[in-house]
Amino acid sequence: KNQVEQSPQSLIILEGKNCTLQCNYTVSPFSNLRWYKQDTGRGPVSLTIMTFSENTKSNGRYTATLDADTKQSSLHITASQLSDSASYICVVSAWRGGSYIPTFGRGTSLIVHP
Amino acid sequence: DTEVTQTPKHLVMGMTNKKSLKCEQHMGHRAMYWYKQKAKKPPELMFVYSYEKLSINESVPSRFSPECPNSSLLNLHLHALQPEDSALYLCASSPGSGISYEQYFGPGTRLTVT
């Protein structure tokens with residue numbers, strides 16, 4: 001069964017600090033891995049997308065890494081801001097039935113305090 | 001236009017009602033998706049339309065009926081729902097079936113079944 005596990009479940013940091021979120025997956029056959037940011041009650045917003053051959057992808061203060069051998073990914077947030085408070089979801093897709101079918105992690109809830 | 005819109009934002013319906021959720025995108029995307037998200041849980045895939053044809057139905061009960069009248073519009077028809085169907089319903093679209101194609105999410109419709 002395809003699964004995506006994220007850790008930690010929740011995280012509290014002070015504004016300006018860095019943090020790293022983890023994602024382990026057992027999705028097969030692997031197609032791509034995405035990180036989303038979701039504010040409460042809103043739709044997810046894409047941060048990064050990586051395919052098998054990509055190891056690192058950056059988007060401003062967000063940097064994602066992918067190790068396809070160990071099936072692990074991380075999302076590093078630098079110089080955190082209050083607006084970074086949200087749920088961060090790791091999504092791994094597999095090709096099935098003519099579409100890329102995503103498996104969602106349960107997310108890491110990040111709270112940034114002033 | 002680079003967004004996915006969903007209407008209504010909120011919907012309250014009784015178990016005997018018939019209602020519809022609407023999703024629209026004008027980005028020329030050829031794949032569209034319906035997800036269901038319960039509080040503090042990740043989105044669950046319900047349906048995938050590829051080139052206006054239903055390609056994936058994740059064993060969704062027949063009280064949910066999707067429809068794709070054209071490439072820009074995706075509807076979800078609701079009938080005889082149960083209180084446990086109360087959730088945030090998210091629509092997403094992507095340019096097509098390419099491996100690095102991103103999914104763009106709408107803001108969601110908050111559905112309450114009484």
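Here is how names work: the chains are called A, B, and so on, in the same order as the sequence lines, proteins then strands, and each is numbered from 1. Because the structure is predicted, anything quoted here is derived from the model rather than measured.
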**Asked** Any idea which of B:Q6, B:E58, B:E44 has the most non-hydrogen atom pairs under 4.5 angstrom with chain A?
**Response**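 Of the options given, most contacts go to B:E58.
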**Message:** At a heavy-atom distance under 4.5 Å, which candidate from B:C91, B:P43, B:A39, B:A92 has the highest pair count against chain A?
**Reply:** B:P43
**Request:** Looking only at non-hydrogen atoms, find the nearest pair between A:G105 and B:P42 and report the distance.
**Result:**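 A:G105 and B:P42 have their closest heavy atoms at O-CB, 3.0 Å.
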Cluster check [X], [Y]: I/L/V/M/F/W/Y, side chain < 4.5 angstrom:
X     : Y      : value
B:Y89 : B:L78  : yes
A:L82 : A:I111 : no
A:L47 : A:Y36  : no
A:V91 : B:Y35  : yes
B:L45 : B:L21  : no

**Request:** Please examine the side chains of B:Q103 and A:S46, heavy atoms only from C-beta on, and report whether any two atoms are closer than 4.5 Å.
**Result:**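 The answer is no; the side chains never approach within 4.5 Å.
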**4.5 Å side-chain heavy-atom contact, A:R106 and B:K40** =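 Answer no - side chains too far apart.
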**Request:** Give, for atom CD1 of A:I101 and atom CD1 of B:I56, the distance between the pair rounded to the nearest 0.5 Å.
**Result:**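 Answer rounded to 0.5 Å: 4.0 Å.
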**Asked** Say you draw a straight line from CZ of A:R42 to CG of B:L90; how long is it, rounded to the nearest 0.5 Å?
**Response** 11.0 Å
**Prompt:** With chain B, which of A:S87, A:G43, A:S93, A:P44 has the greatest number of heavy-atom pairs at distances under 4.5 Å?
**Reply:** A:P44
**Asked** Checking A:R34 against chain B: side chain, backbone, both or neither under 4.5 Å from a heavy atom?
**Response**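 Looking at A:R34, just its side chain touches chain B.
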**Request:** Evaluate whether atom NZ of B:K38 has more than 12 neighbouring non-hydrogen atoms of other residues, nucleotides or ligands under 6.0 angstrom away.
**Result:**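 Check passes, neighbour count above 12.
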**Message:** Other residues, nucleotides and ligands only: do more than 12 of their heavy atoms fall within 6.0 Å of CD on A:Q9?
**Reply:** no
